[in-house]
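The first residue in the sequence is number 1, and the count goes up from there. We use all heavy atoms of the structure for the numbers below, so side chains are in, but hydrogens, waters and symmetry mates are not.
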Amino acid sequence: MEDRGRDWEIYLRDLSMTAMDSNIANDPASDPSLLHSVKRLYDLCKAENSEDLVARIYPQINKLYQRSVASLSQSRTSNGLLLLAILQFYLDFGELVLHDADPSLRTFFRSCLSREFADPDVAEATLDFLNMNKKKLITSFPTLLPQFFPLLLKLIVWNGEKLEKSFLKVFPGLMSPGSFLPLFPSLVDLPILVVALEKVERNKGSLVGNSIASIQKSSAPEMLLALMDEAYTGSTIADGGADSESEDSSMIDVVDPLFLDLLKDENDGLAERQWASPGMAAALQTVVNTPQSERLKYVLNMAPRLLDVYFAIALRDVNDSLICALIPLLMSRNSTMFPEKNFSFEVRKRVLEFMLAAFQRSPNFIALLKKPIMDRLGEAYDSPEKEELALQLCWAIGEHGGGGPSHKDAARELFEGLELLLYENLSSSRLGLRQDSGFGANSQSLRKLSQSRLLCFVVTAIAKLATYHSELLPRARVSLGKVARSRISDVRVWRRARDYLGLMNEPAISLSVLGPSRPSHGQTQNPGTVKWSDGATKMIAHIPFYILGEQEGPPFHDFSFSDILPRR
């Protein structure tokens, strides 16, 4: 006990003496012994469990923290490790000395981590600190991590593979009602964040010690002029020649106004990204045409893994109103992302899977979002990505009855949208829309295959929707009849339409085959399972036509199952 008493007096004396040395007082982190002293004093307080000891140590610890924060802008030494050690003291003993750690934590993020996130030692120590105190931070400071999630994303994309496992443990804490929506586009845009950070590094030197936030603030008027010029004239500010800023000035170069939202440190809500601007297109094209850095290659693989966690948490913990608000954002970003083939495929796959899972959990979303859904159906011809989204939406509309039995008006509007899509594809004017889409020598066959696939989805959605809402059956028969009589070259389309017309003549079987997997009365029903008890005796003579394989027309006699099922 006497040895411990002498120890804490020695370490406390070290803290007080450094305040008298002007060089160290103006840059406390330059003396490595201070970090050792803070850690030893923390260990002693833990071991002794003495309120008196904490009360005697706290004033010196607090003064050191204030001096360290004040020196950040002039310091040439990393302050992150020292400040994290002090913050740990605040979190564990703050209640004993009535110290609210919230302002200190926010000061660390804004003033220190914003300058030192690129330092690998500080990045690793920060994630260790967040993981060690995860429960306390989420309970006592629930808005802290959601507020600074852009800064933590910068930290992980810059420091790479070594810290991914540690970051994944912290990641759920970044999600809150206020950060859920803005977090999605930030995850999708992680590759562009890397491009922006690497650009700043090339223009400004090392990111350690430079606050990107201050660069943003200093150049705000010029950035605003650039965005206004782009909004009103459709062009970006050109090179000003002799009057323009040089590469090594305090200005970021012309394309960087488009990156400023990505480079922010704090969550300030859902921002509109400048995807349609010529500047962004030129910047991304430049990246595509140059060799990828190792950091960018890694982030292209990491971002889909983070989206897996994001979507899993969303389905498990997030309320319906936020998920419903997310779906239009998913639709808009489905065709706008970093143009790397494997990355865009992996992200789109996850986006579509989550969207379908959300519709499965809450079918009423389809009715609530009928306007954006119909807009996406109308864009099915614009690109392969938009066509795939339209196909999945067609499937969801049919599978979930346009939102359910209580949404008949929405179902009728969605049905009309499907009708329009069907008739547009049947008309000859739509057949040549993709002649210049870059398919090459096989463009004609690929166009026909794409159109046939779309028509099959639309025909199925119309049949399923009409089966769910019987008042739509007459219109469905007219639509499918036109398809069955059309001269579309792909036999699968008109054969499918004809099969559905035959099914619609037998409501019980049609409901069993085409009806939803979750009927309105609440009993589970496996699609494709015929409920013979609902069909009377004559139903046996009208097995769905596609079961008969290549046979044309309706069955010509009553038959047993042995006629259509293989024998063992």
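- Considering every non-hydrogen atom in both Ala410 and Ala367, the closest pair reads CB-CB, 3.6 Å.
- The shortest distance between side-chain heavy atoms of Lys169 and Lys134 falls below 4.5 Å.
- Taking 4.5 Å as the limit, some side-chain heavy atom of Leu326 sits within range of a side-chain heavy atom of Phe354.
- In Lys371, the NZ atom is not crowded: 12 or fewer heavy atoms of neighbouring residues, nucleotides or ligands sit closer than 6.0 Å.
- Here the CZ-CG distance, from Phe117 to Leu197, works out to 5.0 Å after rounding to the nearest 0.5 Å.
- Looking only at distances, a side-chain donor or acceptor of Arg350 sits under 3.5 Å from a matching main-chain atom of Pro304.
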Apply the test side chain to side chain contact (heavy atoms under 4.5 Å, CB included) to residues Leu307 and Val351: give CA-CA distance (whole Å), side-chain angles for both, the deciding distance (0.1 Å), then the verdict. CA-CA 9 Å; Leu307 283 172; Val351 165; 5.6 Å; no
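- A side-chain N or O of Arg106 and one of Thr143 form a donor-acceptor pair less than 3.5 Å apart.
- Salt-bridge formation is not detected for the pair Asp499/Arg495: no Lys NZ or Arg NE/NH1/NH2 atom is positioned less than 4.0 Å from an Asp or Glu carboxylate oxygen.
- In this structure, Gln292 and Leu296 approach most closely via the heavy-atom pair CG-CD2, 4.0 Å.
- In terms of heavy atoms, Arg361 sits closest to Leu315 at NH1-O, 2.6 Å.
- We find the CD-CG distance between Glu353 and Asp308 to be 8.5 Å, quoted to the nearest 0.5 Å.
- Side chains of Asp128 and Met132 form no contact here, defined as non-hydrogen atoms less than 4.5 Å apart.
- The CG atom of Leu352 sits 5.0 Å away from the CG atom of Asn334 when rounded to the nearest 0.5 Å.
- Within the 4.5 Å cutoff, the side chain of Phe415 has no heavy atoms near those of the Ile397 side chain.
- The pair Arg475-Glu419 meets the salt-bridge criterion, since a charged nitrogen lies less than 4.0 angstrom from a carboxylate oxygen.
- Here the straight-line distance linking atom CG of Asn364 with atom OG of Ser406 works out to 7.5 Å at 0.5 Å rounding.
- When all heavy atoms of Ser166 and Leu127 are compared, the pair lying nearest together is OG-CB, 3.4 Å.
- For Glu294 and Lys297, the salt-bridge test passes: some basic side-chain N is under 4.0 Å from an acidic carboxylate O.
- For the pair Leu163/Glu124, a side-chain contact is recorded, criterion being any heavy-atom separation below 4.5 Å from C-beta on.
- Looking only at distances, a side-chain donor or acceptor of Ser179 sits under 3.5 Å from a matching main-chain atom of Leu174.
- At a threshold of 4.5 Å between non-hydrogen side-chain atoms, the residues Leu113 and Phe148 do not count as touching.
- Within the 3.5 Å criterion, the main-chain N or O of Gly401 finds a donor-acceptor partner in the side chain of His469.
- Phe180 and Tyr310 have parallel rings, their planes meeting at less than 30° on a 0 to 90° scale where 60° marks the start of perpendicular.
- A donor-acceptor pair under 3.5 Å is absent between the side-chain atoms of Arg498 and the main chain of Ala484, judged by distance alone.
- You'll find the side chain of Leu501 reaches within 4.5 Å of the side chain of Arg477, heavy atoms only.
- The pair Glu471-Arg412 fails the salt-bridge criterion, with no side-chain N (NZ, NE, NH1 or NH2) lying under 4.0 Å from an Asp/Glu carboxylate O.
- Ion pair Arg110/Asp265 not flagged as a salt bridge, since none of the NZ, NE, NH1 or NH2 atoms sits closer than 4.0 Å to an Asp/Glu carboxylate oxygen.
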Given side chain to side chain contact (heavy atoms under 4.5 Å, CB included), test Trp494 with Lys482 step by step and report yes or no. CA-CA 9 Å; Trp494 56 260; Lys482 290 184 177 181; over 6 Å; no
Does Glu399 form a side chain to side chain contact (heavy atoms under 4.5 Å, CB included) with Leu356? I'd like the steps, not just the answer. CA-CA 10 Å; Glu399 174 65 17; Leu356 294 178; over 6 Å; no
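- Across Lys386 and Ser335, no two heavy atoms sit closer than the pair CE-OG, 3.5 Å.
- Asn425 places none of its side-chain heavy atoms less than 4.5 Å from the side chain of Val458.
- With rounding to the nearest 0.5 Å, the separation of CD in Glu379 from CG in Leu389 is 8.5 Å.
- Taking 4.0 Å as the cut-off between side-chain N and carboxylate O, Arg453 and Glu387 do not count as a salt-bridged pair.
- The minimum heavy-atom distance between Ala476 and Met504, with the atom names listed, is CB-CE, 4.0 Å.
- Not a single donor-acceptor pair under 3.5 Å links the side chain of Thr139 to the backbone N or O of Lys136.
- Put simply, the side chain of Asn319 gets close to the backbone of Leu322: a donor and an acceptor are under 3.5 Å apart.
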Hey, mind stepping through Asp119 and Asn159 against side chain to side chain contact (heavy atoms under 4.5 Å, CB included) and telling me if it holds? CA-CA 8 Å; Asp119 184 321; Asn159 292 281; over 6 Å; no
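- Remark: Ser362 OG to Leu368 CG distance equals 9.5 Å, nearest 0.5 Å.
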